[in-house]
Amino acid sequence: MVRGMTASPNRRLPALAGIAMLALLLSSCATGPQSKTAASASLPAPLLDEADDWPVPNGPVQLQLKGSAKQGGLLRGLAPAGTTQLLFDGEPVPFDTEGNFIIAFDRDAKPSATLIAKLITGKSQTRTLAVARGNWRIQTVNASITGSATSEEFAGRRADELVQISAARTRHELSNGWRQTFIWPVKARISGVFGSQRIYRGTPGSYHGGLDLAGGAGTIYVAPADGVVVLASEAPFTLEGNLLMLDHGMGL
């Protein structure tokens, strides 16, 4: 897969050796353990519900939101007509020509958040959201936090990997994948969930930022929605393995 290539749900992606990670990365969203029941459970409902068509061709009068405000959650919204800027806790939020947008809450999001729509009239609309706590898992792993590499080797390699990941996240490609219903890229055992944290031989690691689907070597994966490839690792990354990142638009 070449960087910049568009991908769609019916386009096959190269197999990822071993356990493949599918990470839905939304701006600053980042992921402890799960029970055996959860690990072997059948796949739940679609990852992301398709947005309804808003019955207001010229935009609503009031700021509209759909979904539940909770840690690790996502909300769809429609900005009021005449909105010139959206701010989510002070950070700008992109929106399309119809006013559609999405916002998400980090695993450790604060109990409240503020969404402000600034209007062309000079006025603004403010929504204060109560953010529900997530139920995160903790998993103890009998392995080194740096894997098979030494601490020095890991640090040396990781610095360049983080630069590549950061550069991919700052790209803003045009895609309507964020408005589509996300499909499962493969039907496989869920081996890791978003928001969990692993303790490596007593050393806490960063919490898990994705959903792991263990399909095994040679498994074919498909894109969960339309998107543009913004990173295709030339060699396995220290933590992510054969990393492939898709931009579905709007920061997703």
Side-chain angles (χ1 to χ4, degrees), residues 1-5 7 11-34 39 47-48 72 104 106-108 136-139 141-171 173 177 182 184-186 188-201 203-225 227-248 251-252:
M1 182 69 72
V2 180
R3 292 178 182 81
M5 176 184 290
R11 179 186 296 279
R12 288 188 169 188
L13 299 181
L16 305 185
I19 296 177
M21 176 190 296
L22 168 70
L24 300 183
L25 303 172
L26 204 159
S27 298
S28 60
C29 279
T31 117
Q34 58 181 6
L47 299 179
L48 192 62
D106 197 3
R107 185 256 205 182
D108 296 324
W136 313 117
R137 303 163 181 169
I138 303 297
Q139 180 183 34
V141 180
N142 184 23
S144 170
I145 194 171
T146 60
S148 59
T150 65
S151 298
E152 293 75 15
E153 291 172 341
F154 177 81
R157 291 181 55 192
R158 192 59 180 163
D160 178 63
E161 293 170 356
L162 291 176
V163 168
Q164 294 184 56
I165 292 173
S166 178
R169 287 182 175 177
T170 57
R171 290 179 56 175
E173 302 292 342
F182 271 43
W184 287 90
V186 67
R189 177 177 62 87
I190 298 175
S191 60
V193 294
F194 174 86
S196 61
Q197 185 178 24
R198 292 168 179 164
I199 309 298
Y200 297 88
R201 294 176 181 167
T203 302
S206 59
Y207 66 82
H208 197 46
L211 174 71
D212 293 356
L213 300 175
T219 300
I220 296 298
Y221 294 78
V222 298
V228 177
V229 176
V230 291
L231 176 62
S233 61
E234 298 177 357
F237 277 24
T238 51
L239 297 182
E240 295 84 4
N242 296 309
L243 180 61
L244 179 70
M245 293 177 64
L246 299 177
D247 185 348
H248 301 289
L252 182 60

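Because the structure is a prediction, the values reported are computed rather than measured. Each residue takes its place number in the sequence, starting with 1.
- Although no hydrogens or angles enter the test, the distance criterion places a donor-acceptor pair under 3.5 Å between the side chain of Arg107 and the main chain of Gly195.
- Atom CG of Asp108 is separated from atom CH2 of Trp136 by 8.5 Å, given to the nearest 0.5 angstrom.
- Listed here is the closest heavy atom pair of Gln164 and Phe237: OE1-CZ, 3.8 Å.
- Without hydrogens or angle criteria, Glu173 side chain to Val230 main chain gives no donor-acceptor distance under 3.5 Å.
- The closest donor-acceptor contact from the side chain of Ser166 to the backbone of Val163 lies at 3.5 Å or more, if one exists at all.
- When side chains are defined from C-beta on, Ile165 counts as touching Glu240, because their heavy atoms get closer than 4.5 Å.
- Once rounded to the nearest 0.5 Å, the distance linking CZ of Arg171 with CG of Asp247 reads 7.5 Å.
- Heavy-atom minimum distance, Ala188 versus Ala214: CB-O, 3.5 Å.
- To the nearest 0.5 Å, the span separating CG on Asp160 from OG1 on Thr238 amounts to 10.0 Å.
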(message) Applying side-chain contact (heavy atoms from CB on, under 4.5 Å) to Leu211 and Val193, what does each step give before you reach the verdict?
(response) CA-CA 5 Å; Leu211 174 71; Val193 294; 4.2 Å; yes
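- Nearest heavy atom pair, residue Leu213 against residue Tyr221, reads O-OH, 3.5 Å.
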(message) For a side-chain contact (heavy atoms from CB on, under 4.5 Å) check, start with the C-alpha distance between Arg158 and Leu239, then their side-chain angles and the critical distance, and finish with the verdict.
(response) CA-CA 9 Å; Arg158 192 59 180 163; Leu239 297 182; 3.7 Å; yes
(message) Determine whether Met245 and Val229 satisfy the following criterion, side-chain contact (heavy atoms from CB on, under 4.5 Å), listing intermediate values before the conclusion.
(response) CA-CA 6 Å; Met245 293 177 64; Val229 176; over 6 Å; no
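- Pro236 is linked by a side chain to side chain contact (heavy atoms under 4.5 Å, CB included) to Asn242, counting only residues two or more places apart in sequence or in another chain.
- For the pair Pro224 and His248, the minimum side-chain heavy-atom distance is below 4.5 Å.
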